[in-house]
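Values below: all heavy atoms of this structure, side chains included; hydrogens, waters and symmetry mates excluded.
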Amino acid sequence: MSSFDDMDAFEAASLSARAMQARPAPYLDELNPAQRQAVETLDGPVLMLAGAGTGKTKALTARIVHLLNQGKARPNEILSVTFTNKAAREMKTRVGRMLGQAIEGMPWLGTFHAISVKLLRRHAELVGLKSNFTILDSDDQLRLMKQLVAATNIDDKRWPPRQLANVIDGWKNRAITPDRVPAAEAGAYNHEGPRLYAEYQARLKELNAVDFGDLLLHCVTIFQTHEDVLAQYQRWFRYILVDEYQDTNVAQYLWLRLLAAGHRNICCVGDDDQSIYGWRGAEVGNILRFEKDFPGAHVVRLEQNYRSTPHILAAASSVIAGNESRLGKTLWTDADDGEKVRLIGHWDGDEEARWIGEELESMQKGTRGMRAFSLDDCAILVRASHQMRAFEDRFLTIGLPYRVIGGPRFYERMEIRDAMAYFRLVTSPEDDLAFERIVNVPKRGLGDKAQQTIQRIARDRGVTLVDGARIAVAEEAIKGKGGAALRVLVDDLARWGRLVGSADLTHMELAEQILDESGYTAMWQNDKTPEAPGRLENLKELVKALEGFENLQGFLEHVSLVMDNETDDGGAKVSVMTLHAAKGLEFPAVFLPGWEDGLFPSQRSMDEQGLKGLEEERRLAYVGITRAEEVCTISFAGNRRVFGQWQSQMPSRFIDELPEAHVEVLTPPGLYGGGYGAAGMAASASPEIMARQMSDIDDRAQRADVYNSPGWRRLQARSTERPMSQPRESRNQVIDLEAVSAYVIGERVFHQKFGYGAVAGIEGDKVEVDFEKAGTKKVVARFICAADDVPF
DNA sequence: TTCTCCCCCCTTTTT
DNA sequence: GGGGGGAGAA
C-alpha cells in the first residue's frame, strides 16, 4: 500500500539497475570534469556550488541515475527534494529519459511540502492529527486569523490579521513552536503574537487541518520526538539530494539534517547568488555553513556556463558583483559573443508594453540582424505580478498569443474555491472553514445572525459546524426561509457524503451533482455579470481536471499542493511570469521590463530589509539576466501608473551597474532627442497613446516638468551626454556631483516618498533634508529635486 | 438580509 | 484600478 514496501518500485529498481549495468554509463561521458566529480562522489556529504546555467540539473539527474546504476540504492530509497513542483516534474522526466524508460518508482522525488505530506499522513497521530487532515490554503489561513483576532481586543486596523499570519509563518519557517517563541519576539503583533499562535495551532488541531508551514514543522517535531520513527527513515533514505539549497529555511534545514544524520549521504546543490526567498525565511547561511555542518564535505564548483552568451554573462556578473556577502564564483563560457544586452527607456508603462509587443512580432521574422525567434523562445519576466496586466492588455489588443505562468491562479479563483469547499465538506464534514465558506453561497438567507446561531450551538456542544447546523435544524433554532434552506443543505451534505466512493457513480459525476444540486451552478447561470460565463467555464474545467484522479480526496490534496492547472493548448506563446517563477528556467530571448527604482529594486524590500533587501533584489536581477540564452532586453519607463495614479519613475540603480561594454542602448527616435512633445509624438506614437495623452489634463505641463525631473535628466545624460564607453567611476561621479551641487543649504526640495522639505546639510552624494511631514532624513541626492521642479 | 455606495488601503516575491 | 469592509437604504 504505502510506497515504502511498494513492489512495483522495487521491480522498477532492480530492472533499471540491471538494464544500466548491461551497458556502460553514457551519461558520464557527457559531463565536464566538475560535473563528473559531483556525480561520481556518491558517498558522504557533497556540496555542489552551481552557478546559473552550469548544468546543475543535469548533474543532479545524472547523480540519481548513477546511484541506481551502481546499485547503491533502489529508486524508492533515494530522497530527492526540490522547491517547486515544476522542478520535481522536470527531474522526473529527465531521470526517466536518461534511464531510457519511464520511472514510476521514485516516490520520494518531490517538493519539501509534497514529501512532508506523505510522511505526515503516516504519522499524523504523533502530532495529534488524523491522517486525513486537510491542508489549508492561505485564504483559509487568513480567515482563521481574522476570527482569532476578532475574538481579542485588538484593533485590526492597526494590527492587520495578515501581519499576524506573517509573524506566525516566520516562526514556522524557523521551526519555532508556540512554546518556544523567543522572549525577544514576545512583543510581536501587539504582544498577542505568541498567545494567538498557540490558539491558532489549537484551532488547527480541532479542525484536523494544517497550513503550509505545519507540513514541515510537524515532520521536524516528529523526527525530534520519536527517535524510532526518525531512525526508520534515516535507514530507508540511503541517499539524499537537495536542489536549490540556498532557499532552504530553518525548518527545512532541520528536516534535512535530521534525516541525513546517520549516513551523511547528502548532496546539496545551490547557488548563493540565486537566493531569492529570504522573505520566505530562506537562510543563505545554510549553504555557507554546509562544510561546518558536514565536516569533510566535498565541495564542487560548477562554473562553466552553457546557457548564455558572454555579453549576457558579463552583464549578470557585473550586477551581482555589487553584492558584498557572497561566496563568489566566476562563471565563464566559450560561447560566441552574440548580441549585447539591450537597454531601452520608454515614456511610460503602456509604451513599454507596446514596444515589447512590436518587438516580439518582428522577432518572429528576425529583426536587427538577429535570427528569428518563436514566441515559445521568448519570456517577459517582471518583478511583481501586477506588472503582467499591462502586457496582457496589450497582447490581447494586438492578438499576440501569450501564457501567464503563476499569475492569478486557477485554483485561487473564487468559483473554484467555492466548489472545492463543497467537495471538502463532503469528504470531511469537520472542515468548518469550508462550511463557513459555502453555507450562504449561493444565497440561502443565512446571514450573520443565522451563522452566529450555528457557531454558538456548535461551540456549546463541542461539535462541528455541520453538526451544529443539523442540531439547529432539529431544534428549529433558525426560523423562516433560512431555516428551511439550512435543512436542505444539511440533508444534501449527508446524502452526498454517502455517495463518496459509491460504485454507482464516478467522482466526476458526484462533483457535478454536488454543484448542480447545491444551486451553485445555477447561481452563476443566473448571474448577468460579464465574468459569469468564464466562471462556468472554469467549473467545467475543474470537473474535467478530476478525471486524472482516483477520488475526490486525491484531487483535493493535489490541488492544495499544486496550485497551477497546466492546460496548454498548443501554439507558440510568449511566457509572462515573475522573476521568482522564472528561476530554473531559460529562454533564448528574455525581456526584463520595469527596471525602475521603487519597482525594481522594490521599495518595500529596501524599506523593510535595508541593505539585505537590496542585495536580494540584486540577486533577483541576476536571476533575471541569467535566464537569457541569446538576447536579453532590459527596459524602464519614465512614467508609470501606480495605484491608478501616474507617477514619474527613475531608472533602476541596477541599470547603472550594467557594464557599458556589453550593453547596447536602443533609442527609438523622438524619445531622448527632446522632441517627444507634439511633433515627435505625431510621428511615432500609436493612436491610443495619443488619445491617452490628449485626455490627460494639463498633460503638456506635466510633460514639460518631467523633462526637468532628475530621472529624466539622468535618462538624457545617460544616452546622449556620456557615451556608453566612458568608464563607470567617472560616470557615477559626474552624476553625483551634478546632483549634489544642484542644492544649497536651506533650499526647498521635493522627494518622491517623503514630500517637501528643506536642505539641512550635504554629505558626499547624500543630502540631509528636514522634511515637513517625514522628519529629518538623509537621502541620496538623485532622489530629490528642487521644489520648483516637481513633476506634477 | 441584502444590496449598493463609498472609502480606504493597497502590491513584492510562493510552497 | 480594484477588493474588502462599513454604513445606510430597500
Side-chain angles (χ1 to χ4, degrees), chain A residues 81-88 110-117 135-139 141-143 146 150 156-158 160-162 166 169 172-173 210-217 244 247-249 251-252 275-282 349 381-390 393 405-409 411-412 414 440-452 478-482 485 558-564 577-584 594 598-609 613 616-617 619-621 623-624 640-646:
Chain A
V81 205
T82 63
F83 272 81
T84 61
N85 297 298
K86 211 164 48 193
T111 63
F112 272 107
H113 292 89
I115 292 172
S116 294
V117 172
I135 304 165
L136 299 190
D137 59 23
S138 50
D139 203 54
Q141 197 186 355
L142 196 59
R143 261 185 314 137
K146 275 183 194 159
D156 65 354
K157 282 270 183 295
R158 258 191 80 191
R162 160 146 264 120
N166 286 337
D169 270 346
K172 289 188 176 177
N173 285 336
V210 299
D211 63 20
F212 268 104
D214 281 340
L215 292 175
L216 287 148
L217 186 51
E244 309 281 16
D247 288 332
T248 47
N249 60 33
Q252 289 159 338
S275 159
I276 54 174
Y277 285 103
W279 51 273
R280 209 173 74 188
L381 312 181
V382 297
R383 173 65 184 87
S385 48
H386 64 80
Q387 288 171 265
M388 299 200 265
R389 205 178 44 230
D393 286 353
I405 297 177
R409 304 176 189 202
Y411 292 113
E412 283 175 2
M414 184 207 327
N440 201 28
V441 180
K443 299 265 183 293
R444 296 189 171 93
L446 296 162
D448 279 353
K449 248 177 97 192
Q451 290 186 41
Q452 273 164 19
I478 295 167
K479 310 253 179 304
K481 242 173 54 190
H558 168 80
V559 168
S560 52
L561 292 172
V562 185
M563 294 291 280
D564 53 337
M577 68 187 96
T578 63
L579 286 162
H580 283 87
K583 193 160 76 148
L599 182 59
F600 188 43
S602 132
Q603 191 60 50
R604 198 149 151 192
S605 170
M606 293 187 292
D607 288 348
E608 287 172 7
Q609 301 283 327
E616 181 150 317
E617 297 286 308
R619 289 194 290 269
L620 211 40
V623 167
R640 197 173 287 278
R641 253 192 147 101
V642 181
F643 299 136
Q645 293 261 5
W646 284 98

- Query: Is there a side-chain polar atom (N or O) of A:Lys146 under 4.0 Å from OP1 or OP2 of C:dG4?
  - Reply: no

- Euclidean distance, atom NZ of residue A:Lys583 to atom C1' of B:dT15 [Å, nearest integer]: 13 Å

- May I have the distance from A:Arg280 (atom CZ) to B:dT15 (atom P), rounded to whole angstrom? 7 Å

- Item | A:Glu617 or A:Asp169, whichever maps to the more 5' nucleotide of DNA chain B | A:Glu617

- Message: What's A:Ser605 touching, base or sugar-phosphate or nothing? Going by heavy atoms closer than 4.0 Å.
- Response: base

- Task: Nearest whole angstrom, please: distance from the P of C:dG1 to the CZ of A:Arg640.
- Result: 15 Å

- Value in whole Å for how far the P atom of B:dT13 lies from CZ of A:Phe212: 16 Å

- Task: Report the distance from atom CE of A:Met388 to atom C1' of B:dT13, rounded to the nearest whole Å.
- Result: 11 Å

- Rounded to whole Å, CD of A:Gln603 lies from P of B:dT13 at a distance of 16 Å

- Message: Which residue is it: A:Tyr277, A:Phe212, A:Phe83? I am looking for the one with a ring pair (Phe, Tyr, Trp, His ring centres under 6.0 Å) to A:Phe112.
- Response: A:Phe83

Grab the N/O contacts between the protein and nucleotides 2-4 of chain B below 3.5 Å, and write none if there aren't any.
residue, atom, partner, partner atom, Å
B:dT2, OP1, A:Gly445, N, 3.3

- Task: Run the salt-bridge test on A:Asp211 and A:Lys172 with the 4.0 Å N-O cut-off and return the result as yes or no.
- Result: yes

- Message: Classify A:Phe112 by what it touches in the nucleic acid, base, sugar-phosphate, or nothing, heavy-atom distance under 4.0 Å.
- Response: nothing

Between N or O atoms, less than 3.5 Å apart, protein on one side and nucleotides 6-11 of chain B on the other: list the pairs.
residue, atom, partner, partner atom, Å
B:dT11, O3', A:Arg604, NH1, 3.2

- Message: Under 4.0 Å, heavy atoms only, any strand: does A:Ala114 hit a base, just the sugar-phosphate, or nothing?
- Response: nothing

- Item | Short side-chain N/O contact to B:dT14 OP1/OP2 from A:Thr84, under 4.0 Å | no

- Item | Sugar-phosphate only, base, or nothing, as touched by A:Phe600 at under 4.0 Å among non-hydrogen atoms | nothing

- Task: Please state how far atom CG in A:Asn166 lies from atom P in B:dT13, giving the value in whole angstrom units.
- Result: 13 Å

- Query: Whole Å only: how far is the NE2 atom of A:His113 from the C1' atom of B:dT14?
  - Reply: 9 Å

- Does A:Glu617 use its side chain to pair, donor to acceptor, with the backbone of A:Met606 at less than 3.5 Å? no

- Query: Is there a salt bridge (charged side-chain N to carboxylate O under 4.0 Å, His left out) between A:Lys583 and A:Asp247 once you walk through the steps?
  - Reply: CA-CA 11 Å; A:Lys583 193 160 76 148; A:Asp247 288 332; 2.2 Å; yes

- Item | Minimum heavy-atom distance A:His113-A:Leu216, with the two atoms named | NE2-CD1, 3.6 Å

- Query: Is A:Trp279 stacked on the base of B:dT13, with ring centres under 5.5 Å apart and planes under 30° apart?
  - Reply: yes

